2 protein chains.
Amino acid sequence: MSKKATSSKRERDPAATRQRLIDATVRLMLQQGFSGTSVDQICKEAGMTKGGFFHHFENKEALGTAAVEWWGQMGTALYAEAWKDTALDPLDQLRRMFDIMIGFTRRPDEAACVCMVGMMSQEMSATNPAFQAACEKELNLWTTNVARMLTAAKKLHKPETKFDPVQVAWFLNSLWQGSMLVGKTCRSQELIRHNIKLARAYVEGLFQTN
Amino acid sequence: MSKKATSSKRERDPAATRQRLIDATVRLMLQQGFSGTSVDQICKEAGMTKGGFFHHFENKEALGTAAVEWWGQMGTALYAEAWKDTALDPLDQLRRMFDIMIGFTRRPDEAACVCMVGMMSQEMSATNPAFQAACEKELNLWTTNVARMLTAAKKLHKPETKFDPVQVAWFLNSLWQGSMLVGKTCRSQELIRHNIKLARAYVEGLFQTN
DNA sequence: TTGGACATACAAACCGGTCGGTATGTAATG
DNA sequence: CATTACATACCGACCGGTTTGTATGTCCAA
């Protein structure tokens, strides 16, 4: 039995504190980017002082990679709904994925539909090898899953159209990232949704039999 | 005293100096982003001191918007080869545009195939209204031109497939931006080229008659 | 001589990161 | 159970360096 509730007024929960720092980082970075967000700002957002911060992370870069990884886990959890059910027709898995993406544009909690991996890629991947590797890993993960579904769908439905599942997967990933980029600048979630619908129609077209 | 021949080694050419600053900014920003590039660094790159810099630009933000505008002009000049010839079949104009994009991935002068508008969009458009507006303007310009060609091609070829030229134009713009983003992080220009080829095939497919 | 085009020097804020110190939890010992 | 010993979690002042921006001086062409 643990009686942690009774004992102290101040709760010492290092794992939760660390997560609070990551959450604050994600929140601020989605808005301001990495260079534009200072450690002081993150600490304030997380209700923590700088001394405490550097107890949990070696430096700002370590926090950045942790935030990217965390974002990747969030994404995987988000798409899991579409990917996990391996008994399903892979083409239906892809359809579910598009639904999830459209749902992502409708989140009420965040103002814009943005991706931390995409932001970090643009800002840092050319200069910071650690960030570049972290972002590439996440992009690869998404593409690999989509390519897997496309390959399975190809085997199942034997479409007339010839295409390389990996190339199409990168095509869709690029479109998804670019849609969030353009959607942010043009302040239009609907633009993103239109793109997703066109992407969905594109995939359907690949498997359409005349 | 010093030899002050009629045309001394130090040329006073404010317009050229201003352009040198912009060029240096573009060069550095493509690599490091906006926040990651300091005014000192820009001055050094342009062979100029800070006092001189602030004589030409009110502040760093003014330089940033000037750099985005300059990038936009470069882009327009680049695509002009495809867009200018209004006598040409608009579908051929689009084909030329894809060729130009593929050519852009093969530039030897720059390490990576990147877009300043896309970088600035991701990093700054959520927090800086001036940058947001400048980037949106450039994105709109590209899309408008593509939509114009698609509309003209539609009128000329009367394809069976139904599509909205504006939506398709945004689709292509998003794909283009996303391709450069992903291509940078995955360090693959070939990935970008594959995406462009798929995009070209997509457009051809829109106008294909069975 | 006057004003634009630069250079030099400096300011004030801010940056990431360190450091000494303290509060708190835990485990061994007697 | 009480004491001691030590590790972890966190605080807040502080450091050296960098940031954008300013104030002032100098040179040169018209």
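Model, not experiment: these values are computed from the prediction.
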Exercise for the section: Give me the bend of the helix from dT1(C)-dA30(D) to dG30(C)-dC1(D), using the axes of the five pairs at each end, rounded to 10°. Expected result: 0°

Completion exercise
CZ (F53(A)) and CG (L63(A)) are apart, to the nearest 0.5 Å, by 4.5 Å

Exercise for the section: Can you tell me the distance, in whole Å, between the CG atom of N128(A) and the P atom of dG16(C)? Expected result: 14 Å

Practice task
Report yes if a side-chain nitrogen or oxygen of S38(A) is closer than 4.0 Å to either non-bridging phosphate oxygen (OP1 or OP2) of dC14(C); otherwise report no.
Solution key: no

Exercise for the section: Grab the CD-P distance between Q32(B) and dT19(D) for me, whole Å please. Expected result: 10 Å

Exercise for the section: Using the ring pair (Phe, Tyr, Trp, His ring centres under 6.0 Å) rule, take F207(A) and F163(A) through it: C-alpha gap first, then chi angles, then the decisive distance, then the call. Expected result: CA-CA 10 Å; F207(A) 289 94; F163(A) 64 91; 5.6 Å; yes

Exercise for the section: Quickly work out the M48(B) CE to dA5(C) P distance and round it to whole Å. Expected result: 11 Å

Exercise for the section: Inspect the surroundings of CD in Q41(B) and state if more than 12 heavy atoms from other residues, nucleotides or ligands are less than 6.0 Å away. Expected result: yes

Problem - N-O pairing of R95(A) and D89(A) below 4.0 Å - result: no

Handout entry: Neighbour count >12 (heavy atoms, 6.0 Å) for atom CD, E204(B)
Key = yes

Fill in the blank from the handout: note: Q41(B), atom CD; dT20(D), atom C1'; distance rounded to Å ~ 14 Å

Problem - Audit row: T127(A), Q31(B), side-chain hydrogen bond (donor to acceptor under 3.5 Å, both in side chains) steps and yes/no - result: CA-CA 7 Å; T127(A) 49; Q31(B) 192 76 10; over 6 Å; no

Practice task
Using a cut-off of strictly less than 4.0 Å, decide whether T17(B) has a side-chain nitrogen or oxygen near OP1 or OP2 of dA5(C).
Solution key: no

Handout entry: Side-chain donor/acceptor of Q132(B) to backbone N/O of T185(A), under 3.5 Å
Key = yes

Fill in the blank from the handout: Note: contacts of residues 53-64 of chain B with DNA chain D (heavy atom, under 4.0 Å) are F54(B), N59(B), K60(B)

Completion exercise
When rounded to the nearest 0.5 Å, the distance separating OG1 of T105(B) from CG of N195(B) is 11.0 Å

Fill in the blank from the handout: Q19(A) CD to dA9(D) P, in whole Å, measures 15 Å

Exercise for the section: Select base, sugar-phosphate, or nothing to describe what T37(A) touches, counting heavy atoms under 4.0 Å on all strands. Expected result: sugar-phosphate

Polar atoms only, N or O, under 3.5 Å: list the protein pairs with nucleotides 12-14 of chain D and their distances.
from    : atom 1 : to     : atom 2 : distance (Å)
dG12(D) : O6     : G51(A) : N      : 3.2

Practice task
Look at the side chain of N173(A) and the backbone N and O of L139(A), then say whether any donor-acceptor pair between them is shorter than 3.5 Å.
Solution key: yes

Practice task
Give, for atom OG of S38(A) and atom NZ of K44(A), the distance between the pair rounded to the nearest 0.5 Å.
Solution key: 10.0 Å

Handout entry: Note: R20(A)-D23(A) ion pair, threshold 4.0 Å (strictly below)
Key = no

